[in-house]
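These notes are about the structure you will find just below.
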2 protein chains.
Amino acid sequence: MNSAGKPHRSGRPRTGEERLSRDAILRAALRIVDDEGVEAMTMRRLAATLGVNPMSIYHHLPNKAAVFAGLAELVFADLEATAARDDVSWQDELKDAARTYRDALRSHPNLALQILSDTSTVSDVVVVTVEPFYRALDRAGLAPRQIFEAVNTLIDFVHGFLLGETTVRAATFELAPDLLDRVGKLPPEKAPTLARVTQELGHDGLAYDFDSGFESALTVFVNGIETTWT
Amino acid sequence: MNSAGKPHRSGRPRTGEERLSRDAILRAALRIVDDEGVEAMTMRRLAATLGVNPMSIYHHLPNKAAVFAGLAELVFADLEATAARDDVSWQDELKDAARTYRDALRSHPNLALQILSDTSTVSDVVVVTVEPFYRALDRAGLAPRQIFEAVNTLIDFVHGFLLGETTVRAATFELAPDLLDRVGKLPPEKAPTLARVTQELGHDGLAYDFDSGFESALTVFVNGIETTWT
DNA sequence: ACCTGAACACCGTTCAAGT
DNA sequence: ACCTGAACACCGTTCAAGT
């Protein structure tokens, strides 16, 4: 894509002729991650696609970790505005907050694991994202402590769900046949209930649909919060 | 720890004088991961602590990924036996299954992320671990489809919880002051509910206790399953 | 079969030098 | 301040050679 090109001469470029910017670097990095995954996003590779010396990047971002932190920022920049909505029940508002959060993380699946496993990124993101959850549960009439715990639980669930969704989906779109095989091969008395239930479900029943799995979880959640705390 | 030592002469060792075994390699690898984290566990470092040429390892394990897969195996080897227990309610049995699963993954915190983000490892582990969940929900009288979804949801939650527990705990034992700071610095009208709730909770209220957070989540869960599906 | 040594094709990052 | 080039201290893995 980027013609090998004659090497640019050294020295500071004239004003307005800067070849790089933090933003341009991050956009290029996001493209690499989206197209080829996190492992492909190396500093040298990034520099190559920008047609630039690897070391040039370090004038705009201190190191590779900062590049990934910047990517997380980029992804969540859009999400910020979520209007309060009193037209729906608190239950629906809570579910909707979870759906929005899931979608945001899902929009760049290759980045999800990176985001979820980086402490500072997660806490940034959470602070920005979490208001709608708090609002819904406040409307439900929960006490502060209960709101706090309920939100943590729900967010943790979404994280775990995304972990499965992004890594499993990447590897095997169908996990049903694999699962049936595995269970079939287990020593019969080791997991009798698992064996019976999966067999009753059959091949089609195991064709896991992430969307309906997510919705089903949300329902369990909301009902659980309702009967536990209201 | 391992004296630099004279290099061992080349050539196949006599029977019974093998210097390496799959098991010895994996135990050494686990030690490195536990003590210094996954990044420290390189093939060259592993060979060095074993007092062996880096390439020797490849005669016992095909590559680095296989080493990590082996580690996951090692960690879950103990877990296998979980006796059926009819002395407690299905609710308690389900909670207990979740606690056991969490503990297993928590026993090697540095390995948790590795396990959770590796597809093949996760599915291995899940198949081995999942029976108690199925048993409890079967006793509760759920239909196969509902059992399937409930287990997926609960497992996903545990994964997300562990992600937070292992990565957050590693970085900051106290997230309360940090969180209060962040929230305080937000534009006031951006997250009013979050601001109010965290303020009401106060510094102590935010001192998150992972154990009680986990328990609280389990209660919400069980109640949710109960009112949704029984 | 099991171990070694040299080599290949990579990494992230530091540092001195250009303008 | 911004870009470059050489260099350092690493990686995982292949391959040929020893016994």
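Letters A, B, ... mirror the listed sequences (proteins, then strands); counts begin at 1.
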Quiz item: Taking only residues two or more places apart in sequence, or in another chain, which ones meet B/Arg99 in a salt bridge (Lys or Arg N to Asp or Glu O under 4.0 Å)?
Solution: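 B/Arg99 satisfies salt bridge (Lys or Arg N to Asp or Glu O under 4.0 Å) with B/Asp96, B/Glu215 once adjacent residues are dropped.
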
Separation of [N] [atom2] from [X] [atom1] (nearest whole Å):
X       : N      : atom1 : atom2 : result
B/Ile25 : C/dC2  : CD1   : C1'   : 11 Å
B/Glu18 : C/dT4  : CD    : P     : 13 Å
B/Leu20 : C/dC3  : CG    : C1'   : 9 Å
B/Arg22 : C/dA1  : CZ    : P     : 18 Å
B/Arg45 : D/dA9  : CZ    : P     : 18 Å
B/Arg12 : C/dA1  : CZ    : P     : 8 Å
A/Ile57 : D/dG5  : CD1   : P     : 14 Å
A/Met41 : C/dG12 : CE    : C1'   : 11 Å

Practice problem: For B/Ala40 and for A/Ser10, locate the closest nucleotide of DNA chain D by heavy-atom distance; then report the residue assigned to the nucleotide nearer the 5' terminus. | Solution: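 Closest to the 5' end, via its nearest nucleotide, is A/Ser10.
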
Give every pair of a protein N or O atom and an N or O atom of nucleotides 13-15 of chain D that lie under 3.5 Å apart, one pair per line with the distance.
{"from": "D/dT13", "atom 1": "OP2", "to": "B/Tyr58", "atom 2": "OH", "distance (Å)": "2.8"}
{"from": "D/dT13", "atom 1": "OP2", "to": "B/Lys64", "atom 2": "N", "distance (Å)": "3.1"}

Quiz item: Ignoring hydrogens and angles, does a donor from either the side chain of A/His59 or the base of D/dC3 sit under 3.5 Å from an acceptor on the other?
Solution: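 Such a pair is found, so the answer is yes.
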
Exercise. Would you please confirm or rule out a distance under 4.0 Å between OP1 or OP2 of D/dC3 and any side-chain N or O of A/His60?
Key: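 The answer is yes; a side-chain N or O of A/His60 sits under 4.0 Å from OP1 or OP2.
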
Quiz prompt | Any A/Arg19 side-chain nitrogen or oxygen under 4.0 Å from OP1 or OP2 of D/dT4 | solution =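 Looking at the OP1 and OP2 atoms of D/dT4, one of them is under 4.0 Å from a side-chain N or O of A/Arg19.
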
Exercise. Taking the six-membered ring for Trp and the full ring for Phe, Tyr or His, determine whether the centres of B/Phe214 and B/Phe210 are under 6.0 Å apart.
Key: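 No, ring centres 6.0 Å or more apart.
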
Self-check item: Centroid-centroid distance, A/His108 to A/Phe76, less than 6.0 Å
Solution: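 Here the rings of A/Phe76 and A/His108 have centres that are no less than 6.0 Å from each other.
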
Does the side chain of [Y] come within less than 4.5 Å of [X]'s, by heavy atoms?
X        : Y        : value
B/Val158 : B/Leu162 : yes
B/Arg102 : B/Asp211 : yes
B/Glu73  : B/Phe68  : no
B/Phe221 : B/Leu94  : no

Exercise. Under the salt bridge (charged side-chain N to carboxylate O under 4.0 Å, His left out) rule, what do B/Asp34 and B/Arg31 come out as? Steps first, then yes or no, please.
Key: CA-CA 5 Å; B/Asp34 282 345; B/Arg31 192 167 225 292; over 6 Å; no

Quiz item: Base, sugar-phosphate alone, or nothing: which one does B/Ser56 contact when heavy atoms must sit under 4.0 Å apart?
Solution: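 Base contact - B/Ser56 has a heavy atom under 4.0 Å of at least one base atom.
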
Exercise. Please work out the stems of DNA chain C from pairs that are Watson-Crick or G-U wobble with both distances under 3.5 Å, keeping only runs of three or more consecutive pairs.
Key: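 If one scans DNA chain C for consecutive Watson-Crick or G-U pairs, the stems found are C:4-8 with D:12-16, C:12-16 with D:4-8.
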
Quiz item: Given the rule in the salt bridge (charged side-chain N to carboxylate O under 4.0 Å, His left out) test, do B/Glu131 and A/Lys190 qualify, once you have shown the distances and angles that lead to the verdict?
Solution: CA-CA 8 Å; B/Glu131 171 70 8; A/Lys190 190 152 225 167; over 6 Å; no

Exercise. Return the nearest nucleotide to the side chain of B/Thr42; candidates are C/dC2, D/dC11, C/dA17.
Key: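 Given the options C/dC2, D/dC11, C/dA17, the side chain of B/Thr42 is closest to D/dC11.
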
